[in-house]
Amino acid sequence: METYDVIIIGAGPGGYVCAIRAEQLGLKAALVEKDAALGGTCLNVGCIPSKALLESSELFHQARHGLSVHGIEPASVKLNLPQMMARKGSIVKELTDGIAILMKKNKVTVIKGTGTLKAPGRVAVSGAEGEREIASKAVVLATGSVPVQLPFLPFDGVRVVTSTEALAFDQVPQSLVVIGAGAIGLEMGSVWNRLGAKVTVVELLPRVAPFADAQMSTLLERALKAQGMVFKLNCKVNGASVEGEKVTVSFQNDKGEAESLQCDRLLVAVGRRPNSGAAGLKEAGVELEEAGRVKVDGRFQTNLPGVYAIGDLIRGPMLAHKAGEEGVALAEILAGKPGYVNYDAVPNVVYTHPELACVGLTEEQCKQQGIPVKTGKFYFKANARAKSLGSEEGMTKVIAHAETDRVLGIHIVGPRASDMIAEAVAVLEFGGSAEDIGRICHAHPTLSEVLKEAALNVDKRAIHG
Ligand code: NAI
């Protein structure tokens, strides 16, 4: 029987990163993947194609509505949706092919087929060439997550869809209803809103991006509303029916009254659940905890010896970069090193326009935990670079401990917040203070100066506002 030091089931950003790190550390790694392309949800039907469409749709929106202020008057702007989709497809292909090249370069053995955990140390792989069994000291489960389906609203892939289909509509729907104002709802809602659909987002909770700092949710909601998106907050969807080409969604509105909406397409984006029904986990006796997550200890080990799990399958936010960090940490642990993930410094980004990015605690969480804080804010409209970009919406908020000045959380709604958050993560990681950020020299004119000014404002001493 073929034997390895580690067999990883699932080639998403958790699994393939774990395989590379394992080989770097001298462990012989096999990566088992059932899909033709490597990269998992993130590369194939998640983070990457959505970012491609967000960029294209934003350019389309800008070409139609944002250029005349620059003195550019395009004669006509026409949407070529097949080309937009083709560009998305080629970006995905280049990146997934790139992962295959990385596997070769790092000498990871890629085994195409469906992996099933038979017992600790034993995995069966069934693929085009039949079934075979492989063995290893360690097995890593990295099978990711799948979209949550509402019990009364089964996905049909055409009218009632997940993000996978919403990334590939062949025409712009006249009307799109999105259930859930989380990352997927806001991003995919933005794409189709910019391309001309009438988009209504129905959300159970009283605000959009409920995981974010409340003030940031409000800012983002306001910006998206100004772009034409409609939000029905505090609304509980309780039924839907498909008739011909129309879907009717019924819900209880914020006043407790029955309301309904009709649309061409309905995107259900109410979260994802761990893919713990796959790879024979249950049959092999892997213990699950709340919401079907695989229970692991501090070293990612399940209740079965030598069987580990990472990424969306286990605790914590379902984010590609969190899975990747866990993949690295686990490979290091398996190689006898002290692998570790700092969950307090995992950033979260929503790629709308403006973008929302945050790391650490929100003001509400600090309050709930009784932590005394002081906050500093700074608006993008007072930043020279944001003004030149024509992207002045939003603000940055720095939350620091009231007594020690240590940074506890940084929240940004604004242009390129996704890139700006890296500095905030570094400060949190190094246990830095607001004073530290305020004293770092930031290039001028850059968007990053907003973070510096917000940090200075923790002690009410921003220079430009
Ligand atoms: P989510 O958990 O981010 O948001 C789901 C939203 O649906 C929540 O606001 C929730 O209150 C609402 N909801 C739940 N049940 C509802 C109901 N019956 N009626 C109305 N609203 C309801 O989940 P989402 O957006 O589906 O994303 C899934 C996962 O993928 C998340 O963990 C997310 O972080 C991740 N993701 C991350 C992205 C990023 O980092 N930019 C992009 C897309 C997804």
Side-chain angles (χ1 to χ4, degrees), residues 181-183 186 203-225 231 233-234 316-317 319 322 342-352 354-383 386 393-418 420-438 440 447-462 464-465:
L186 297 180
E203 164 62 48
L204 189 64
L205 296 175
R207 58 197 178 93
V208 309
F211 61 86
D213 186 277
Q215 206 173 2
M216 297 293 150
S217 292
T218 307
L219 276 179
L220 186 60
E221 183 193 336
R222 202 178 296 155
L224 296 176
K225 266 184 179 161
F231 291 98
L233 303 177
N234 246 328
L319 297 169
K322 173 259 192 189
N342 179 4
Y343 291 97
D344 293 334
V346 175
N348 209 331
V349 178
V350 182
Y351 295 80
T352 42
E355 294 177 339
L356 180 149
C358 55
V359 63
L361 298 176
T362 63
E363 232 179 309
E364 299 77 48
Q365 286 168 332
C366 292
K367 205 169 176 186
Q368 278 159 14
Q369 295 174 29
I371 305 171
V373 297
K374 46 188 183 169
T375 61
K377 295 168 197 163
F378 199 80
Y379 287 86
F380 281 89
K381 65 176 181 241
N383 173 268
E393 256 173 316
M395 129 185 144
T396 291
K397 172 151 96 176
V398 174
I399 304 174
H401 194 285
E403 285 138 28
T404 64
D405 196 42
R406 185 176 177 148
V407 174
L408 302 171
I410 294 183
H411 306 268
I412 310 171
V413 166
R416 300 288 164 198
S418 53
M420 282 177 63
I421 203 68
E423 181 183 356
V425 176
V427 172
L428 244 79
E429 192 66 54
F430 290 122
S433 63
E435 176 83 16
D436 288 330
I437 304 176
I440 293 170
L447 297 171
S448 68
E449 289 172 289
V450 175
L451 177 54
K452 177 185 170 103
E453 295 273 26
L456 286 170
N457 249 348
V458 166
D459 286 318
K460 310 296 164 243
R461 58 190 177 97
H464 296 94

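Reckoned from all heavy atoms, side chains included, excluding hydrogens, waters and symmetry mates.
Nearest heavy atom pair, residue Pro347 against residue Leu319, reads O-CD1, 3.6 Å. Between Arg207 and Ser217, the shortest heavy-atom contact is NH1-OG, 2.8 Å. When all heavy atoms of Gly360 and Gln365 are compared, the closest pair comes out as O-OE1, 4.1 Å. Heavy atoms only, all atoms of each residue included: Val398 and Ala434 are closest at CG1-CB, 4.4 Å. Of all the heavy atoms in Phe378 and Ala454, the pair that sits closest is CB-N, 3.6 Å. Considering all non-hydrogen atoms of both residues, Asp213 and Ile399 come closest at OD2-CD1, 4.0 Å.
The shortest side-chain heavy-atom distance between Met395 and Met216 falls under the 4.5 Å cut-off. Considering only heavy atoms from C-beta on, Leu233 comes within 4.5 Å of Val208 through its side chain. Within the 4.5 Å cutoff, side-chain heavy atoms of Asp405 are placed close to those of Lys374. Side-chain contact between Phe231 and Glu203: absent, with no pair of heavy atoms (C-beta onward) separated by less than 4.5 Å. Two residues are said to be in side-chain contact when any heavy atoms from C-beta on lie closer than 4.5 Å; Glu355 and Pro415 fail this criterion. Counting only heavy atoms from C-beta outward, the side chains of Ser448 and Leu451 never approach each other to under 4.5 Å.
Between atom OH of residue Tyr379 and atom OG1 of residue Thr396 there is a gap of 10.5 Å, rounded to the nearest 0.5 Å. Interatomic distance, CD of Gln369 versus CD of Glu364, reported as 11.5 Å (0.5 Å rounding). Interatomic distance, CG of Leu224 versus CD of Glu393, reported as 8.5 Å (0.5 Å rounding). Taken from CG in Leu447 to CE in Met420, the straight-line distance is 6.0 Å, to the nearest 0.5 Å. Atom-to-atom distance recorded for Leu220:CG and Thr352:OG1 is 4.5 Å, nearest 0.5 angstrom. The distance from atom CG of Asn383 to atom NZ of Lys452, rounded to the nearest 0.5 Å, is 13.0 Å.
The local environment of CZ in Phe211 is crowded, with over 12 non-hydrogen atoms from other residues, nucleotides or ligands closer than 6.0 Å.
In summary, Glu363 and Lys367 do not engage in a salt bridge, as defined by a charged side-chain N under 4.0 Å from a carboxylate O.
When the options Val359, Leu408, Asn342, Asp344 are evaluated for a side chain to side chain contact (heavy atoms under 4.5 Å, CB included) with Leu428, the one that passes is Val359.
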Does Ile437 form a side-chain contact (heavy atoms from CB on, under 4.5 Å) with Ile410? I'd like the steps, not just the answer. CA-CA 11 Å; Ile437 304 176; Ile410 294 183; 3.8 Å; yes
Stepwise side-chain contact (heavy atoms from CB on, under 4.5 Å) check, Phe380 with Ile412: CA-CA 10 Å; Phe380 281 89; Ile412 310 171; 3.8 Å; yes
I would like to know whether Val413 and Lys397 meet side-chain contact (heavy atoms from CB on, under 4.5 Å); could you show each step before the answer? CA-CA 9 Å; Val413 166; Lys397 172 151 96 176; over 6 Å; no
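Here the side chain of Asn457 pairs a donor or acceptor atom with the backbone of Lys377 at under 3.5 angstrom.
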